[in-house]
Asks: 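Before we start, here is the structure in question, set down as structure tokens.
All chains are named by letter (A, B, ...) in the order of the sequence lines, taking the proteins before the strands, and each is independently numbered beginning at 1. The structure presented is a predicted model; accordingly, all values stated were derived computationally and were not measured.
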There are 2 protein chains.
Amino acid sequence: MTTEQILPAPASATCCTTLTGEPLDQGQAQDFARILKALADPTRLRLVSLVAAHEGNEACACDLIDPVGLGQPTVSHHLKILVDAGVLHREKRGIWSYYSLADQTLERIAAFLSPA
Amino acid sequence: MTTEQILPAPASATCCTTLTGEPLDQGQAQDFARILKALADPTRLRLVSLVAAHEGNEACACDLIDPVGLGQPTVSHHLKILVDAGVLHREKRGIWSYYSLADQTLERIAAFLSPA
């Protein structure tokens with residue numbers, strides 16, 4: 001069993017950075033744009049919501065293919081983007097990967113977008 | 001003086017839809033992806049944060065060009081994307097457009113992304 005770790009958040013993207021606080025510098029804007037870009041796709045939003053709604057808040061890639069109606073390579077590609085952005089965790093067990101929500105990233109992006 | 005109105009939120013993107021609640025249907029996923037896509041760009045995030053930090057929470061396009069270091073047509077293009085997605089309001093006065101935050105859209109997207 002291998003647990004893949006997500007990279008720690010960049011120093012400039014702290015808990016307290018908000019879109020409507022102090023003007024963002026270029027580094028902060030790039031950090032948050034990267035996470036938002038991973039989420040800014042209908043299929044990826046559906047995949048995240050399917051993982052969240054799955055029993056145990058964890059889903060096998062094999063559980064996600066039918067509900068989104070796309071082929072396995074396409075679903076794997078979208079899941080990789082979500083893992084790389086720190087939105088989902090991936091854990092490999094046997095031939096399948098299991099995905100769970102990285103709550104901390106969603107909390108950070110929700111706090112970032114909350115109006116002051 | 002002309003005030004441009006943003007379109008009302010689509011019926012499927014209600015106040016209570018969350019990413020980690022019930023699985024999203026395709027329409028909900030498309031509505032939220034559209035707003036997230038508008039935000040998922042470093043320059044556009046900086047423009048929103050500059051408008052929010054400006055005196056009176058409103059900024060003239062002329063105030064935004066120097067801080068982001070891009071030409072006026074490029075800045076206008078990014079601002080149009082933010083207005084079209086309902087993230088910023090635009091009001092024309094004379095030759096300049098003035099931009100302010102559409103708090104409701106940011107609140108809706110922050111609530112959508114908040115973990116259950």
Asks: Top residue by heavy-atom pair count (under 4.5 Å) with chain A, among B:Ser114, B:Ala38, B:Ala110?
Replies: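 Most pairs with chain A among the choices: B:Ala110.
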Asks: Under 4.5 Å from any heavy atom of chain B, what part of A:Asp103 do you find: side chain, backbone, both or neither?
Replies: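 For A:Asp103, heavy atoms of backbone and side chain both lie under 4.5 Å from chain B.
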Asks: Quick one: are B:Gln26 and A:Pro42 in side-chain contact, heavy atoms under 4.5 Å?
Replies: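 Heavy-atom side-chain distance check passes, below 4.5 Å.
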Asks: Quick check: closest heavy atoms across B:Ala29 and A:Arg46, and the distance to 0.1 Å?
Replies: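 Result for this residue pair: CB-CG, 3.5 Å.
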Asks: Count I, L, V, M, F, W, Y as connected when their side-chain heavy atoms are under 4.5 Å apart, and connections chain through other members. Are B:Leu45 and B:Val83 then in the same cluster?
Replies: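 Linked, B:Leu45 and B:Val83 end up in one cluster.
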Asks: Mind checking whether B:Ile65 and B:Tyr99 sit in one hydrophobic cluster, side chains of I, L, V, M, F, W, Y counted as touching below 4.5 Å?
Replies: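 Cluster IDs for B:Ile65 and B:Tyr99 match.
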Asks: At a heavy-atom distance under 4.5 Å, which candidate from B:Ile109, B:Thr20, B:Asn57 has the highest pair count against chain A?
Replies: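 Greatest number of close heavy-atom pairs with chain A: B:Thr20.
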Asks: Give the cluster check for A:Val68 versus A:Ile81: same hydrophobic cluster or not, with ILVMFWY residues linked at side-chain heavy-atom distances below 4.5 Å.
Replies: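 Different clusters.
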Asks: Would you kindly confirm whether A:Leu88 and A:Tyr98 end up in one hydrophobic cluster when ILVMFWY residues are joined by side chain heavy atoms under 4.5 Å apart?
Replies: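 A:Leu88 does not cluster with A:Tyr98.
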Asks: Within this structure, what is the CD-CG distance for the pair B:Glu107 and A:Leu113, rounded to the nearest 0.5 Å?
Replies: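 If I round to the nearest 0.5 Å, the distance is 12.0 Å.
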Asks: Given a strict heavy-atom distance threshold of 4.5 Å, which part of A:Ile35 is in contact with chain B: side chain, backbone, both, or neither?
Replies: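 It is neither, since no heavy atom gets under 4.5 Å.
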Asks: When heavy-atom pairs shorter than 4.5 Å are enumerated against chain B, which of A:Ser49, A:Gly21, A:Ala52 gives the highest number?
Replies: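 Of the candidates given, the most pairs with chain B belong to A:Ser49.
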Asks: Using a 4.5 Å cut-off on heavy atoms from C-beta on, say whether the side chain of A:Leu36 contacts that of B:Asp41.
Replies: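 No. Closest side-chain heavy atoms not under 4.5 Å.
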Asks: Would you call A:Val48 and B:Leu24 a side-chain contact if the rule is heavy atoms closer than 4.5 Å?
Replies: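 A side-chain contact is absent here, since even the closest heavy-atom pair is not under 4.5 Å.
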Asks: Considering only heavy atoms from C-beta outward, does the side chain of B:Leu39 approach that of A:Leu19 to under 4.5 Å?
Replies: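 Contact flag for B:Leu39/A:Leu19 side chains = yes.
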Asks: Check the pair A:Phe112 / B:Leu106 against side-chain contact (heavy atoms from CB on, under 4.5 Å), numbers first and verdict last.
Replies: CA-CA 10 Å; A:Phe112 169 70; B:Leu106 287 181; over 6 Å; no
Asks: Should A:Leu64 and A:Leu82 be regarded as members of a common hydrophobic cluster, given that ILVMFWY residues are connected when their side-chain heavy atoms come within less than 4.5 Å of each other, either directly or indirectly?
Replies: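 Yes, it is one cluster - the side chains of A:Leu64 and A:Leu82 are joined through contacts under 4.5 Å.
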